[in-house]
Amino acid sequence: MNVTTTKTNSPRFVLDAVDLTKHYVLPREKMFMKVQTIEAVKGISFRIRRGRSLGLVGESGCGKSTLARLVTGLEDPTSGSVRIAGSNIHQISKNALRKLRREFQIVFQDPFGSLDPRHTIGRIVAEPLRTLEQVSPAESQKRVLSVMEDVGLKATDIQKYPHEFSGGQRQRIAIARALITRPKLVVADEPVSALDVSVQAQILNLLNDLQQEYELSYLLISHDLAVVECVCDDVAVMHNGVFVEYGLTSELFRDPKHDYTKSLLDAVLPLPGNYRG
Amino acid sequence: MTLLTVEDLTVTIDTIHGPGHAVRNLSFELMPGNTLGIVGESGCGKSMTALSILGLLPDNVTTTGGIYFDHRNLLTCSDQELCQIRGNRISMIFQEPMTSLNPVHTIGQQIIEIMTLHQGTSKTEAKIEAIRLLDMVGIRDPKARISQYPHQLSGGQRQRVMIAIALSNKPDLLIADEPTTAVDVTIQKQILELIRSLVNELGMGLILISHDLGVISNMVDQIVVMYGGTAVETGTTSQIFSNVSHPYTQGLLSAIPRISGHKSLRQTRLNTIPGVVPELTELPIGCTFSDRCAIASNLCTKTPPPATLINVGHYAACHHLERAKGK
Amino acid sequence: MSERENSYPTGLAAGDAAVNLSQKSDSTTQRELWRRAIHHRSFIVGGVLTILLVMIAIVSLFWTPHDPTQINIRHRLAGPSLEHWLGADQFGRDILSIIMAGAQNSIMVGVVAVGIGMSFGVTLGLIAASNRGWVEELIMRSCDFMYAFPAILLAILLVATLGSGAINAMVAIGIFAIPTFARLSRANANAIWSREFVLAARASGKGTAQITVEHILPNIMSVIVVQATIEFALAILAEAALSYLGIGSQPPTPSWGRMLSEVQTLVFLNPWLAVYPGAAIALAVLGLNLLGDGLRDLLDPRLVRKR
């Protein structure tokens, strides 16, 4: 399925994935058995324009996390290509890829596991800067403090360690880390699933604010349709390694066409009287 | 004649940083065949409450108050007496079916042993009953499945097995602690429907614990909303949703993102509850919600609010319900 | 891209929910750790015994009641007295002095053996964990190979080839500690590799070597340290065995193991001659094992509070 986001006044695509496929070979169970392969992603293509966000919904095992790893260069595709800001990330040199990583970053699901417990927050947030850009320690410090302020953390938090923060605060740290190189694309893999509802709301508001302020594009992966509607302009529904439906968030949820999308929407438990608060 | 009465339950954890007040003065009642939901975010004490009913709390925890079941206070029962109740009169299912099932025993073994333990059924009879139970919970081809191991089943199927085990001795009360949090949304729907139909069919009482208001509101008749170890609002589902009274419940409901399908919600901000849940060892002295509440006053920080009657059976623990109503 | 980065993901490792306790983190955590430590029996007893061992060795560098190699036939097999607190051996040498000086030997063995085992073993284990594929296979099969042979026998072989002597024995023992550290490091490193913060580091553009040094190594240190105390004890035992067989430290260097072999024929005359070195070995090994046990409990990452 070839899909394109539709903002009309942006010149370039932040992300351009063409015919992505990923097969995994499973370890042999029996000595003489034919090796089995899992087709995690089967020929997916999509594009994200600068400043627009795409939500990716699907249940476990649909291949969305694999897709996220392919798109961020953490894994090689079996076939297909991924272009970020014009360059094919799997074909450029290691050095060039490193430079390119400034343009895209990832926020992971687990606020407890995605931060190294033995590093201070300051070091964690500055990490991408250290690896990907040459900045002086003074400049690095300045940028760390600035991005921490953007996400609502205090300057005094720099010396602390991850275990001193709550889940929501750690997600803020992870977001700060993702933003420090001023990327154009942030891939967020279930960024709020592990958080309580009230904290989730804070983080979603933060994501929205940052998107407006920095003209960011998100590739937001979630199993929660409401979360996706909150942050993304467009949504793709993934099932068994393919996109079964794609469109504007508001339209798709109002009027789903594919059976699987319908079953997903059907499974969402409504609050009584569609409580609006 | 109530099935379960919880009276003034207080659970305190002994930590290095001082006592952690996991649950404070919690009271509620459940009639036979009725359903009750305990809803709240992490650290509110809902799991602790569930574990205290069956006496499954760790050693560094003290409990006071009363949990009355079948004319007995479960908190004062001996371990032996509790063992007779667990899995038999009161059953519990947990969030993570992979870790709740023994990976080295077959499904069949795990169901059968519960029956032979409490009812003394013979193995052959128990096996027939186990097959029937697996069928009842919607496992296809139960005769084959009975000799399979947990890892050979999917997450949803394992949760069904857990339900089968829990219901094998036809308990009077089923406690379900976040039973669908670890499964996909389509499976969640099936599991919840299964639980509801079985509860109706067998006339059991149900206590459902969840952080998900959507799940709770679709499954139970009574709700207890917990925050920081105390019940901030209790009432029937329809009462609470038609007349949300406590500031925390209000904040919680407005913080939930919902699918509208009407316009792009990117322009709308979610209402958030500022701040974070305090540590159990550092709870405010007065109302547990006072440090995050928009309408908190001096009184709130000093005195715990009493459960104020709003309607028959609908209570909220707040000093300023009028102000909260106005919001 | 290396094999490591392309294998089928197995999801979050168990333990992602708990957080590793950082010993170098803020002062409250250090105080917490210390408070737990002083209430932990194994740790205290083990710690005391180990410190005792070390202190005796240090003291004996400067002073012993008598020169441990001084022969004094007049006092041959003397019982305990004011002059010889534990008595004298068959050559009239003061037993207490020999025991004290023997501690030096034991400590040295531990340090050399653990030093070799840890530096090579942990390096190999980390390399294996970061380079899945044939490199890992090669390293692990070599370790399997080494495990398959009885260590003492091979130590004997090695020493027989290289010649007897304390240093050779220590090196031989160290070599056989390598597979243990390699396996342990690899297993724990694998668990850390699958954690999300490592994925985040890769996403930041860090290379394998940098990740290994900055993220993997610090997070496996607590396990390695515990193993080191246990290997230390095993090294002492192994050296005692080799010295007993006559291929470890040579006379006149005092050694507990050699003491035991020297008194074999005399043990019916005076059983205490065997008790002293035996007890010294046993207490040293016990102390180190208890210390290791205690450290394992205290540094267990699952016992850290989770928010």
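Below, chain A is the first sequence line, B the second, and so on; all start at residue 1.
The side chain to side chain contact (heavy atoms under 4.5 Å, CB included) check on A:E133 picks up A:R102, A:L129, A:V135, A:R143, A:T181, with sequence neighbours excluded. Remark: A:S146 engages A:D150 in a side chain to side chain contact (heavy atoms under 4.5 Å, CB included) (not counting sequence neighbours).
A:E139 and A:S136 form no side-chain donor-acceptor contact under 3.5 Å, judged by distance and modelled atom types alone.
Residue C:E214 touches chain A through both its backbone and its side chain, counting heavy-atom pairs closer than 4.5 Å. With a 4.5 angstrom heavy-atom cutoff, A:I106 touches chain C only via side-chain atoms.
When each of A:A194, A:A174, A:P128 is checked for heavy-atom pairs under 4.5 Å with chain C, A:P128 comes out on top.
At least one donor-acceptor pair under 3.5 Å links the side chain of A:K22 to the backbone N or O of A:D76.
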